[in-house]
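Below, chain A is the first sequence line, B the second, and so on; all start at residue 1.
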Amino acid sequence: MMKFTQSCRIHEKKIYRNEALFYSDQALDDKTNFKTFIKGAYKYLGQSYPKFFKMDRLSKLGFIAASVLFSDRVLSAYAPEEIAVVMANRHSTLVTDTKHCESIKNREAYFPSPSVFVYTLPNILVGEICIRYGFKGENAFFISNQFDQDFMYQYANLLFQSGETKACLVGWVDYKDEADYSAILHLLET
Amino acid sequence: MNQLIEQLKVQIIQQLNLEDVEPQEINEDEVLFGGDLGLDSIDALELIVLLEREYGIKIKNQEEGKEVFVSVRTIAEFIDQNS
Amino acid sequence: MGNLSMQGKQVYAIADNIINSLGFSTTEVIQQIEAEQTGIYQHEIEAIYPTPFWASLVNNEQLQTQINKEFVGQSVEHYFTRLEQMFLLSIQDVLRQTNIDVKSKRVLIIIATTKGNIDLLEQANRDTWYYEKFAERLDMSYMGDVLQKYFGNPNQPLVVCNACISGVLAINIAQQLLQTEQYDHIIVTGGDLVSEFTLSGFFAFKAVCDGICKPYDQDRTGINLGEGVATVLLTTDAKLAQKYSKIRIGGGGSSNDANHISGPSRTGDGLNIAIQKAFKQAACSAQQIDYVSMHGTGTSYNDEMESKALGLANLLDKPMNSLKAYFGHTLGAAGLMETIVAMASMRKGLLFKSLGYTKHGVSQPIQVIQNTQKHKIDYCLKTASGFGGCNAALVLAKIES
């Protein structure tokens, strides 16, 4: 039997852990942008992880969501290969794709950046979470119209049934622009 | 040379997204890779982009880069020799 | 031989198609591989890259000919992007091979791709009718809907976007979904393009070979990008399996290195985890494996990591190859395309030469296939690894006749 144990939600500059408000952007200026918000959350978490600053917006969003979800939980009961991460989104890596295109727009100033290009794959955010927490289990990333919890739970359940997966982080991490982003992470365990 | 070194520090911080690092915190003679900055293989490639974009110097591959990117000073000296 | 896998229902691969630089059907592509023919050439296409580059491209004239032949009077090129045209051809070929009813609710389509219709972002395509018409198709879920609609399938397609393991992962996911009562058949298709977007990125990584790539070779210097589509039809119908094919999907697994987002682990333990999962799911041991089809991109680190993984998995004595020097690294399609070639190897009892390899260039004594040769293959292991530290593996088995 698989059970839901933890969650984290992020949208409109608010972060909820297990449905309780965990962090919100305190600035009165409503124009506070995503970058300031997510950096504020990172600082609030008080963990030192300099690689955070190299991530693109999508990976930062997923990383902070996972950091909040695991802020009071360590999955020490499971072996690394027993922990799966299954994610989905709609916009893939749209913002970073645009950034990469900008860097190759002009043949006279043609400087594609490897650190931008690597983030043009949405599963990199899964990689960042796995690196941070040492998760070595099943990975999957899907592109869909919206967060299909039923399907994601069904897939997680199939992983559990195989006997090799004992915990699964499922979720939706999507970033379109400053006004349109969301993260929903659920931790499922046997 | 000193001016180039200081300029490089600023550029490196920007290029490598070393958000919480100030230029004065980087010792120009300290090893860049394997040191406190936690730089990795992507950073090495980014330094190649930096050199090409800001100084017009092309480095062919990571092996060549290894020789150049030992410290901020070795980069400055390389730029000086190849300008 | 013929061990039952851990899963309840057996899953069989009963039809397939490959479209790449070597041809528009699996048969054509296999013929070229048997003849040790590569589809990788040097191209001068300024719209894709400022200087000449070596890659494996699908010929546009031939693509048009195939489209016109297959979709008579439908003006497909006005309604579908270049990649979608390849998907249509590939899926159509597969459907024709077995006559399953694609309009049935018991059939699902799974699409594996890393960047979908990314040619739409090419500078040369801006301000063209192509971009104006198809810009929305950059949304890969929408691209899936377009294909779904064409074939009249009632289910929302699944789009798997997991870097270079997408193809193998999609097969694993299909195998797991076929364990539920929902589906009888799953069409697993994968595709990606060689584009300005991806080529520039790999050049930024200094990971592109200036010539034909040389997986596992001492002088390897990087990858060749390739493009194309591959499709395989999976089913739980044993009668269809006996009629059309003798290959069973034994089982698979995936993993993450948890090491670095672009560099593979130095130990190979992440890939070994995926391999062990595949063995467990397939109720198969390393000894039973007759042939290993690996990812082998031709980069220094990837190929070395794979050799370490083979060591950890006790597979050093198994004949193995990479197919990347035949048709390049096809990203989202790679796992599917290469699995189909592996299945052809199994059916023909033929190990294909690992093109590009002459001097041993990895630390472990892996057995790279140096000449195409006859060999009984009852069990095959397929592996893939990708950006983000992900790995996937899959065991294929010949079913008893």
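When all heavy atoms of Ile104(A) and Phe197(C) are compared, the closest pair comes out as CD1-CA, 4.3 Å. Across all non-hydrogen atoms, the minimal contact from Pro112(A) to Ala204(C) is O-CB, 3.5 Å. Considering every non-hydrogen atom in both Tyr119(A) and Ile261(C), the closest pair reads OH-CD1, 3.4 Å. Residue Gln281(C) comes nearest to Glu164(A) through the heavy atom pair NE2-OE2, 3.3 Å, listed as atom of the first residue, atom of the second, then distance. Heavy-atom minimum distance, Phe117(A) versus Phe202(C): CE2-N, 3.8 Å. The shortest non-hydrogen separation linking Ala258(C) to Ile131(A) is C-CG1, 3.8 Å.
Ranked by heavy-atom pairs under 4.5 Å with chain A, the list Ser166(C), Gly388(C), Gly201(C), Ala163(C) is led by Gly201(C). Between chain C and the options Asn145(A), Thr120(A), Ile83(A), Ile129(A), heavy-atom pairs under 4.5 Å are most frequent for Thr120(A). Most heavy-atom pairs under 4.5 Å with chain C: of the set Val116(A), Val85(A), Leu121(A), this distinction falls to Leu121(A). Counting heavy-atom pairs under 4.5 Å between each of Ala170(C), Gly270(C), Gly389(C), Gly253(C) and chain A puts Gly253(C) at the top. Residue with the most contacts toward chain A among Asn259(C), Leu138(C), Thr113(C), Ile165(C): Asn259(C) (heavy-atom pairs, distance under 4.5 Å). Heavy-atom pairs under 4.5 Å with chain C were tallied for Ser59(A), Gly127(A), Gly137(A); the largest tally goes to Gly137(A). Across Asn172(C), Ile118(C), Thr198(C), Asn256(C), the residue that shares the most heavy-atom pairs under 4.5 angstrom with chain A is Asn256(C).
Interatomic distance, CZ of Phe205(C) versus OG of Ser115(A), reported as 8.0 Å (0.5 Å rounding). Taking CD of Glu81(A) as the start and NZ of Lys277(C) as the end, the distance is 7.0 Å to the nearest 0.5 Å. For the atom pair OG (Ser254(C)) and CG (Asn139(A)), the distance works out to 5.5 Å, reported to the nearest 0.5 Å. Separating the CG atom in Leu158(A) from the CD atom in Gln176(C) is a distance of 6.0 Å, to the nearest 0.5 Å. Taking CE of Met87(A) as the start and SG of Cys161(C) as the end, the distance is 14.5 Å to the nearest 0.5 Å. We find the CG-NZ distance between Leu121(C) and Lys105(A) to be 12.5 Å, quoted to the nearest 0.5 Å.
Using the six-membered ring where Trp is involved, Tyr49(C) and Tyr110(A) have ring planes that are perpendicular, over 60° apart on the 30 and 60° scheme.
More than 12 heavy atoms of other residues, nucleotides or ligands lie within 6.0 Å of CD in Gln149(A), so this atom counts as buried by the packing criterion. Within a 6.0 Å radius of CG in Asp127(C), other residues, nucleotides and ligands contribute 12 heavy atoms or fewer.
Residue contact with chain C, scored on non-hydrogen atoms closer than 4.5 Å, involves the side chain of Tyr155(A) exclusively. In this structure, no portion of Asn391(C) lies under 4.5 Å from any heavy atom of chain A. Looking at Lys115(C), only its side chain comes within 4.5 Å of chain A, counting heavy atoms on both sides. Interface remark: Leu177(C) contributes backbone and side-chain atoms alike to the contact with chain A (heavy atom separation under 4.5 Å). In this structure, chain A has a heavy atom under 4.5 Å from the side chain of Leu169(C), while its backbone stays farther away. Using a 4.5 Å cut-off between heavy atoms, Asp139(C) touches chain A through its side chain atoms alone. Only the side chain of Thr180(C) comes within less than 4.5 Å of a heavy atom in chain A; its backbone stays farther off. Using a 4.5 Å cut-off between heavy atoms, Glu196(C) touches chain A through backbone and side chain atoms alike.
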Item to complete: Check the pair Val160(C) / Phe142(A) against side chain to side chain contact (heavy atoms under 4.5 Å, CB included), numbers first and verdict last.
Response: CA-CA 5 Å; Val160(C) 175; Phe142(A) 300 100; 3.8 Å; yes
Worksheet entry | Residue pair Glu46(C), Arg107(A): steps toward the salt bridge (charged side-chain N to carboxylate O under 4.0 Å, His left out) verdict | CA-CA 10 Å; Glu46(C) 214 285 334; Arg107(A) 289 290 191 257; 3.1 Å; yes
Item to complete: Given side chain to side chain contact (heavy atoms under 4.5 Å, CB included), test Phe387(C) with Val118(A) step by step and report yes or no.
Response: CA-CA 7 Å; Phe387(C) 269 9; Val118(A) 72; 4.0 Å; yes
Worksheet item: What do the steps show when you test Gln182(C) against Gln154(A) for side chain to side chain donor-acceptor pair (under 3.5 Å), and what is the final call?
Response: CA-CA 12 Å; Gln182(C) 257 179 302; Gln154(A) 179 193 35; 2.8 Å; yes
Practice prompt. Determine, stepwise, if the pair Gln179(C) / Gln161(A) fulfils side chain to side chain contact (heavy atoms under 4.5 Å, CB included).
Written response: CA-CA 10 Å; Gln179(C) 300 309 307; Gln161(A) 278 176 16; over 6 Å; no
Discussion item. Apply side chain to side chain contact (heavy atoms under 4.5 Å, CB included) to residues Asp269(C) and Lys136(A) and explain how you reach the verdict.
Written reply: CA-CA 10 Å; Asp269(C) 82 303; Lys136(A) 294 189 176 183; 2.9 Å; yes
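Residue-level contacts of residues 89-101 of chain A with chain C, in order of numbering, are Arg90(A), Ser92(A), Thr93(A), Asp97(A), His100(A), Cys101(A); threshold 4.5 Å between heavy atoms.
Checking side-chain atoms of Asn162(C) against main-chain N and O of Asn123(A) turns up no donor-acceptor pair under 3.5 Å.
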